[in-house]
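Only one structure is covered here, and it is reproduced in the block below.
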Amino acid sequence: VSDSAVGELVALSLRVAAVATVASLPPALATGYLLARHRFRGRPLVQAIVALPMVMPPVAVGLLLLFLLGSNGPLGFFWRATGIEVVFSWWAAAIAAAVVGFPLLARASEQAFADVDPRYEQVARSLGMSRLETFRRVTLPLARRGVVYGALLAFTRGLGEFGATAVVAGILPGRTETLALGIWSRLQFGDDRSALWLCAASFTLALLSLLAAESWLARKEET
Amino acid sequence: VARTRPALFSLLLGVGLFPLHAEEIRVGVAASLREAVSEIAQDFESQYPDHSIRLAFGASNTLAAQATAGAPLDVLLIAHPDLEQQIRQELGVQASETFAHNRLVILTRSAEIEIEAPEQLLHPAIRRIAIPETTVPVGRYAREWLEARGIAREVAARAVRTEHARATLVAVEQGHADAAIVYASDARLAHRAHLAYRIPSAEQPRIRYQAVVPGRAPPSDGVRQWLETLLGVQGRERLEAFGFVSPPGGLP
């Protein structure tokens with residue numbers, strides 16, 4: 001019932017954004033690689049679908065997630081059978097952040113993989129490396145600049161996620177109330193002063209992660 | 001096999017006894033009830049130390065949609081009777097009680113803007129009027145009243161639509177609007193805005209807050225105790241302290 005301190009909100013936001021980014025790495029890398037290396041029919045459609053969560057209203061994304069993760073939705077039998085309650089937990093906030101951050105990561109990786117000369121991969125393959133090994137030891141290291149940049153962008157996007165999170169994770173102080181939700185509910189509450197403190201915290205976090213992303217890009221350009 | 005039986009038995013007994021008493025009661029709370037219900041929850045937790053209350057805040061319609069989709073909510077404290085019908089159809093309803101009423105009032109940005117009759121909302125000094133969208137209950141109640149007074153169209157022309165009961169208060173407090181139609185309970189929380197006009201009782205829309213227990217299984221002990229606290233003397237006093245009106249008729 002008690003009001004969460006700023007530190008708690010910051011810690012929860014960081015946890016949500018970090019879990020979201022790590023969890024979306026494998027599918028985003030796979031999607032990025034597929035789009036960068038293969039020309040197939042329906043590729044523009046896949047590209048459009050990947051970008052969709054970035055351009056759809058976040059509330060609509062939240063509503064779709066609520067429908068999918070809710071125990072009365074089409075997957076409800078699964079949630080009821082396993083006893084897992086995703087909706088209104090911090091996992092729901094992490095899933096929302098992962099879904100909206102996914103396009104940033106997938107598109108950045110696609111770009112990064114496209115910039116890797118396929119001849120390096122062909123050489124590695126001719127030396128007997130498996131596909132996976134080639135990806136892990138040749139393609140990924142060469143593309144890591146763009147991949148890490150994309151991951152940091154997705155992380156930052158996850159930190160600020162509001163619309164989808166409010167719907168699927170709810171505003172439960174001490175459980176799902178992230179920085180963005182905390183600012184909103186304090187504004188509603190008329191508590192402008194704490195809202196401003198939380199704004200300052202979220203400003204600092206966002207600035208730090210963007211600075212990290214930019215300096216990472218600059219550092220790697222030298223080598 | 002025989003040796004494990006007593007262990008298993010005591011394990012089952014232990015598991016069976018413990019959670020019967022400790023319960024987490026998950027309550028969805030309409031934003032306008034936030035402060036009052038937070039205090040009632042603290043009262044409840046000190047009275048029943050074994051139970052805990054987990055509050056989820058939001059607009060009434062969002063909470064209803066979340067419950068319908070299967071969000072874990074044992075009790076909903078919501079602001080519009082239509083929503084109760086929706087929940088009844090989708091999930092079933094085990095209990096439904098009116099626990100508070102509210103009233104509409106008009107706030108102005110400063111005490112210099114006086115309102116003695118509804119028509120004065122159309123005075124040139126009032127350029128912007130904050131009114132919640134009609135998708136939220138308070139917006140519907142406000143429109144109902146404005147229509148009954150025959151000034152709905154004129155007011156709509158200068159309306160600033162807010163998404164929420166509480167956002168309406170913020171709009172007039174921050175000077176983004178010259179006047180606002182809000183709940184009496186929200187007006188209590190105003191620091192800068194001025195209570196300019198109390199809508200007479202005869203014209204007040206019937207605004208009621210409903211405690212709804214969704215589902216097909218009978219409510220647990222914890223949920224029943226929570227409803228007793230909410231509807232009892234303690235709950236009543238807290239709600240009245242925040243500007244709500246208790247339902248007529250004695251205590252349950």
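Computed from a predicted structure; not experimentally measured.
Counting heavy-atom pairs closer than 4.5 Å to chain A, the top-ranked of the candidates B:Ala65, B:Gly58, B:Ser32, B:Pro72 is B:Pro72. For the options A:Ser185, A:Gly170, A:Gly73, heavy-atom pairs under 4.5 Å to chain B are most numerous at A:Ser185.
Neither the backbone nor the side chain of A:Trp79 comes within less than 4.5 Å of any heavy atom in chain B. Contact of B:Glu90 with chain A is not made at all, since no heavy-atom distance falls under 4.5 Å. With a 4.5 Å cut-off on non-hydrogen atoms, B:Ala171 does not touch chain A at all. Using a 4.5 Å cut-off between heavy atoms, B:Ser52 makes no contact with chain A at all. If you measure heavy-atom distances from A:Ala92 to chain B, you find no contacts under 4.5 Å at all.
Within 6.0 Å of the CZ atom in A:Arg15, the count of heavy atoms belonging to other residues, nucleotides or ligands exceeds 12. Within a 6.0 Å sphere centred on CZ of A:Arg80, other residues, nucleotides and ligands contribute more than 12 heavy atoms. Counted within 6.0 Å of CZ on A:Phe162, heavy atoms from surrounding residues, nucleotides or ligands total more than 12; the atom is thus considered enclosed. Atom CZ of B:Arg192 is surrounded by more than 12 heavy atoms from other residues, nucleotides or ligands within 6.0 Å.
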**Request:** Test B:Leu55 against A:Ile171 for side-chain contact (heavy atoms from CB on, under 4.5 Å), laying out the working first.
**Result:** CA-CA 8 Å; B:Leu55 301 175; A:Ile171 302 173; over 6 Å; no
**Request:** Apply side-chain contact (heavy atoms from CB on, under 4.5 Å) to A:Phe88 and B:Leu73, showing your working.
**Result:** CA-CA 9 Å; A:Phe88 279 17; B:Leu73 287 169; 3.6 Å; yes
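A donor-acceptor distance shorter than 3.5 angstrom exists from the side chain of B:Gln66 to the backbone of A:Val167, with no hydrogens or angles considered.
Taking 4.0 Å as the cut-off between side-chain N and carboxylate O, A:Glu85 and B:Arg54 do not count as a salt-bridged pair.
Residue B:Gly70 comes nearest to A:Ser71 through the heavy atom pair O-OG, 3.3 Å, listed as atom of the first residue, atom of the second, then distance. Pairing each heavy atom of B:Ala67 with each of A:Asn72, the nearest pair is O-ND2, 3.9 Å.
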